[in-house]
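Contents: one structure, followed by commentary.
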Amino acid sequence: MVTDPILQLEGVTKTFPNGTVALRGVDLAIRSGTVHGLLGANGAGKSTLIKILSGALSATDGTIRWKGEPVNWSHPRDPRRAGVATIYQHIPLVPTLSALENILLDQPGWKRERAQDRRRVADVVARLGNPFALDELAGDLPIGARQMIVIAQSLASGAELVVMDEPTASLATEERETVYAIIRSLAREDGKAILFVSHFLDEIVSLTDEVTVLRDGRAVLHAPTETLDEAAIAEAIAGRAVTVVERGDNRPAPGGTVLEIDRLASPGRLAPTRFLLRKGEVLGIAGTLGSGRSELLHAIFGSDPAASGEIRLDGQVIGRYPDEAVAAGIALVPEDRSAQGYVPQLSLAQNIGLAALGQRRTHSLLLDENAERASATTAIERLAIKAPGPDALVTELSGGNAQKAVIAKWLTPETRVLLLDEPTAGIDIGARTDILRLVRQLADDGLPVILVSSEFEELLAIADRILVMRDGAVVCEADPKQASEADLTLMAGGSRKQQAGANA
Amino acid sequence: MTQDWRGIFSLKEAGVYYALLILLFILAAIASSRGLPPYLGGENLGNIAYQASLVGIMGVAMTVMLITGAFDLSVGSVAALSAAVLVGLAGSIGAFPAAIAALCTAAAIGLLNGAIVQFIGINAFIVTLGTLTAVRGLVLILTGGRSLMVENPQVLAELLTFESTRVPVFWAAIAVAVVLVAIGVAKRRPIRIAAAAVIAGLAILAGPNYAVAAPVIYLAIFTTVMWAILRHTVIGRRLYAVGGNAEAARLSGINVHTYKMGAFVLSGTAAGFAGVLFGSRLGAINPTALQGSELTVIAAAILGGTSLFGGAGSVVKTVVGALLLFTLTNGFNILNLGANYQGLIEGVVVIGAAAIYTVGGRRRARPLSLNAAPASSAASEEPAS
């Protein structure tokens, strides 16, 4: 099925006014009726390329052909008129407007609500399987449904090429499956072209027809997907052979109990839960979005005011507020690093020093900036954070490096239990491997860790035990040496009946 | 110690200092061309500082407030209430106890503002807009709508001493300059040495017998203390963190409520102190006193580059912002430039300053990421990845 590409890029380069070269000559051809995967590490130029396709940036040099005609898009409305819709990872919806009005937001016309628009949108939404009600406010919908709104928006505007920038990064497994099904049907049945950007190799392999890999602003690999496997793609992304952490089984046996969780519950979020955490152990929490996994961590950390129950650290009951938990030595790396993890106005060193402010209690009130910078520099080296220096702003770092900075702030001698909530979400495979290795290393050095992840392979690789959560409760415990990814998926997301079967 | 010179002297970082200098020289040039007494004399500069002192004191606390990401519109009313409490009670219980009562009242209103904002969760703008009106009402009730004054001549004299004493500052200024030079040399901070040169220069210009009104000294001490807390203590770092990203601060183990409420109490107390100074100035208070001063206070903070969204701000620059506003007022009065134009010019200056900070902020983001070799292209991508 060799058709002419609907969109063709030839030697596209982008140099920013400050001299940064983001793209050094990228060729890319996207055909109608196919799903084209685009991969690359953070900083490889993916986002710049997407911004050029969406008209938010214009290319410095090179040709862009749309249906064979050279075009010069300099404003977001140009590609949109031509028929290119771009779906960003962070969904720009107006939370106070209904789903319908969000879908119609970019449509011309005077009247706010027209019956014919409503019918047209209803048709589109029905084709997606009615994942949301048209009149529901966008802000009230779960994140998966909001993703659907954006997809519906691109379809309603009659797009022929849909660019999706990591549409599944924040979705749980079932929601991802829905998105995949929709993407497939858009390409196969409606003949749309899809440019699908993702960090997830498995979904690229199973979903796409062709793959382009960017590295350092160049397309280093372009091939039909059936000729590739995950390892080949990973190698192209990193420029070297990589593996996500291999499971090693010759590790020291976990020591004595450090943390006891007893009757921990939060109304409507978490059913009464009890478990123990031992020295040197990585306890994995497997669960989909909304399974109560983040809620469990926040209940332990004291950042859920409604939570009740008892947390004992080395036999001492600890308080029910985050400042008390931090003072006792419990550390939380939250799920959303930009909203919860760092303070954008503070420098890298100051952000890394932030946790130490809460952990030390009665020492001097004076800040020792030299010591703070020195310990930040050590942490930057230890975690291989790519940054100009300790005075850089965290907002200038790529996602993976910002995540490392959020983890780095807890690597103090006072930290006695580390809670990690999706530490590898939305970051490239190199940083992901670094973080997983670090977590395992910390545990081997004696620090107990609770790791929440949607990437079950990560849990299987580094956890000593796995608790599976669903609907706000721990439903079973799995042994990572025996369970497979499919087992965990079934336990975390299967129906109740299958669940009973899996346990039997 | 690497210094980013372009950053330090950029319009965004140092604009308010340039603006004050330029304004002073323009006014001085106009004054000399009209044959008026020298505008830049110690007498006149001391006057400007004296006139700016109340707004400066409230502005310093307001800056702390804005750094934590909140807002206090009630400072003008709280200051008036504090003055009314002072003037109303001084005759019966004495000047000092009355001043304490006034400060406690103001702190209590700050605490009330903070408690409503933090524990009920109403936006600070709305809460303090309410207390702005309600506390002004309280002033009217307390004063019965008339001017109050201190009748007892002895108490009145005490109040006047507190407010109007003139303090000789020559040797103090020289001492401060010496300390700054010492710190500057020891820590290789040329900016400190430059500041020392400015202070010493002004002191020598004014002469060894030069004295300023007491409120200027109170402002200088309060500013120095707050600057030191913000710059050099853990409390300061936590205040910036709470304002920059409250959730990240909370999840780092910082008690966000304490710091946000603390800022409200500080703001209330500072307004109370400004009220005490105001009441002591005349030994009298009229119920509409200080009306609208909260807006001047906020304007001073904005001129100083404080962000209304929290996480950034400098108390020293706020004080310079207050000086800038009062230099404008003073210049219009002394040079008789037509008082009708004053409001227009002040408004334009505030918006112009905000525009410089906003545009300057955008430009600055680029050159910085140039140094970030590995992360540079990723810098602009972080929002999307």
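Chain letters run A, B, ... following the sequence lines, proteins first and then strands; every chain starts at 1.
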Under a 4.5 Å heavy-atom cut-off, does chain B meet the side chain of Val326(A), its backbone, both or neither? side chain

Closest non-hydrogen atom pair, Ala353(B) against Leu303(B): CB-CD2, 3.4 Å

Among Gly236(B), Ala241(B), Ser252(B), Gly311(B), the residue with the most heavy-atom pairs under 4.5 Å to chain A is Ser252(B)

Between chain B and each of Ala325(A), Ala339(A), Gly389(A), Gly302(A), count heavy-atom pairs under 4.5 Å; write down the option with the most. Ala339(A)

Just say parallel, tilted or perpendicular for the rings of Phe301(A) and Trp410(A), cut-offs at 30° and 60°. perpendicular

So what's closer than 4.5 Å to chain B heavy atoms on Glu324(A): side chain, backbone, both or neither? neither

Heavy-atom side-chain contact between Val117(B) and Lys260(B) under 4.5 Å: no

Of all of Asn255(B), Thr233(B), Val242(B), which one pairs up most often with chain A through heavy atoms under 4.5 Å apart? Thr233(B)

Bottom line for Glu372(A): the part with an atom under 4.5 Å from chain B's heavy atoms is side chain

On a heavy-atom basis, the closest approach of Lys386(A) and Asn401(A) is N-OD1, 2.9 Å

Top of Gly341(A), Ser303(A), Pro334(A) for chain B proximity - count of heavy-atom pairs under 4.5 angstrom: Ser303(A)

When the 4.5 angstrom heavy-atom criterion is applied to Lys409(A) and chain B, the contacting part is side chain

Determine the interplanar angle of the Phe273(B) and Tyr218(B) rings, folded into 0 to 90°, and report it as parallel if under 30°, tilted if 30 to 60°, perpendicular if over 60°. perpendicular

Correct closest heavy-atom pair for Ala379(A) and Ala408(A) would be CB-CB, 4.0 Å

